[in-house]
Amino acid sequence: MIRPAGRRSFGNINQFWLGASGYKEMIPMADSKAVSELTKEAQTGRRRMADRFGFWLGMANLVVLVPFAILPVTLLGTAHMTFHLIYIPCLIIGLWVIWQLKGLAPNRALRVLAWILLAAQSIALLGHAGELFAVIQHGGFEAPYEVFEEPEHVRSAQFALPAIMLTILTMVVFDLTAGIRGMFHRAHRAG
């Protein structure tokens, strides 16, 4: 004898699990309109997720690559402390953006690259904070050029510079991986 074992509702589709002699089988109960609405909703959801991923990828490029390219050239000749006071908030915003990007990454490779980005960006943030601390100890805005040779600054720079280089390299690999994945995804969807 077949008897209802449980009932669950997923959107417009009601599903019954019917138990027969210890074996559970699933019989979907839905009309074609509900199925087509659910399919359209799923496709729209995936498209929305891809749009959000593209937005956060653009933001990550903006906050990771642009400050690296512009700030050292424009601010390093002025007060060294100004450079760190502007770059540290850029690193913090970059961490937040990468965290958002990590949650939207559509595959494991991009999630792993996002974790590498988070780790490298965190190390860069700590290194820049150490450099800022060394600059503050040696005069702040009036720090002499010799602050670059101070052991505290050198030690912190040994963490900050390689971490920023790793962030830049990983961001480029992330962009290439996301682009290649997008090309294959579009080709697969079209074909």
Side-chain angles (χ1 to χ4, degrees), residues 45-46 48-185:
R46 275 191 227 113
R48 194 175 311 134
M49 185 78 111
D51 289 344
R52 286 186 14 205
F53 177 75
F55 170 77
W56 287 108
L57 181 60
M59 290 298 293
N61 281 302
L62 184 68
V63 298
V64 169
L65 300 176
V66 171
F68 172 75
I70 293 174
L71 289 179
V73 174
T74 58
L75 293 177
L76 212 50
T78 63
H80 187 69
M81 189 168 157
T82 306
F83 168 72
H84 289 297
L85 286 174
I86 293 174
Y87 205 85
I88 287 175
C90 290
L91 290 171
I92 293 170
I93 293 169
L95 280 170
W96 179 72
V97 168
I98 293 167
W99 183 263
Q100 299 297 319
L101 185 65
K102 178 192 68 67
L104 295 171
N107 60 24
R108 185 180 299 166
L110 291 174
R111 282 190 295 275
V112 168
L113 287 169
W115 277 111
I116 293 170
L117 276 170
L118 279 172
Q121 192 87 343
S122 299
I123 293 169
L125 177 63
L126 293 174
H128 272 283
E131 288 182 62
L132 178 63
F133 183 71
V135 171
I136 290 172
Q137 279 185 328
H138 296 285
F141 287 108
E142 307 299 324
Y145 184 78
E146 289 77 27
V147 75
F148 287 107
E149 298 169 3
E150 293 296 326
E152 301 91 12
H153 192 277
V154 170
R155 201 173 316 115
S156 297
Q158 287 174 342
F159 289 104
L161 292 176
I164 289 193
M165 293 299 147
L166 179 62
T167 302
I168 299 300
L169 179 65
T170 307
M171 194 72 230
V172 169
V173 172
F174 193 97
D175 290 338
L176 291 173
T177 305
I180 291 169
R181 184 219 173 258
M183 284 187 335
F184 283 128
H185 183 69

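A quick note: this is a predicted structure, and the numbers were derived from the prediction, not measured. The figures here come from the full heavy-atom set of this structure, side chains too, leaving out hydrogens, waters and symmetry mates.
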Novice: Is M59 close to Q100 at the side-chain level, that is, under 4.5 Å between some pair of heavy atoms?
Specialist: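 No, side chains not in contact.
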Novice: Enumerate the ring-ring contact (aromatic ring centres under 6.0 Å, His included) contacts for residues 101-124, please, sequence neighbours excluded, ordered by first and then second residue.
Specialist: W99-W115
Novice: Let me confirm one number: the CD1-CD1 distance from I93 to I88, rounded to the nearest 0.5 Å.
Specialist: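 Interatomic distance, I93 CD1 to I88 CD1, rounded to 0.5 Å: 12.5 Å.
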Novice: Any non-hydrogen side-chain atom of I116 less than 4.5 Å from a side-chain atom of M171?
Specialist: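 Contact flag for I116/M171 side chains = no.
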Novice: List the atom of A163, the atom of A124, and the distance in Å for their closest heavy-atom pair.
Specialist: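 In this case the closest contact between A163 and A124 is CB-N, 3.5 Å.
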Novice: Using the test ring-ring contact (aromatic ring centres under 6.0 Å, His included), find all partners of Y87 that sit at least two apart in sequence or belong to another chain.
Specialist: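 Applying ring-ring contact (aromatic ring centres under 6.0 Å, His included) to Y87 gives F83, H128.
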Novice: Taking the six-membered ring for Trp, are F53 and F174 parallel (under 30°), tilted (30 to 60°) or perpendicular (over 60°)?
Specialist: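 Correct class here is tilted.
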Novice: Nearest 0.5 Å please: distance from the CG atom of L125 over to the CG atom of L95.
Specialist: 6.0 Å
Novice: List the steps, then state whether side chain to side chain contact (heavy atoms under 4.5 Å, CB included) holds for I98 with V64.
Specialist: CA-CA 9 Å; I98 293 167; V64 169; 4.0 Å; yes
Novice: Rounded to the nearest 0.5 Å, how far apart are NZ of K102 and CG of L110?
Specialist: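 Between K102 NZ and L110 CG, I get 12.5 Å after rounding to 0.5 Å.
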Novice: Do L166 and I123 come within less than 4.5 Å of each other through their side chains, counting heavy atoms only?
Specialist: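 With C-beta onward as the side chain, the pair stays apart.
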Novice: In Å and rounded to the nearest 0.5 Å, what is the CD1 to NE2 distance from I136 to H84?
Specialist: 10.0 Å
Novice: Any idea which heavy atoms bring L104 and W56 closest together, and the distance?
Specialist: CD1-CD1, 3.3 Å
Novice: Could you give the distance from CG (D175) to CG (L65), rounded to the nearest 0.5 Å?
Specialist: 6.5 Å
Novice: Given side chain to side chain contact (heavy atoms under 4.5 Å, CB included), test H138 with H153 step by step and report yes or no.
Specialist: CA-CA 10 Å; H138 296 285; H153 192 277; over 6 Å; no
Novice: How far does CG of L118 sit from CG of L113, to the nearest 0.5 angstrom?
Specialist: 11.5 Å
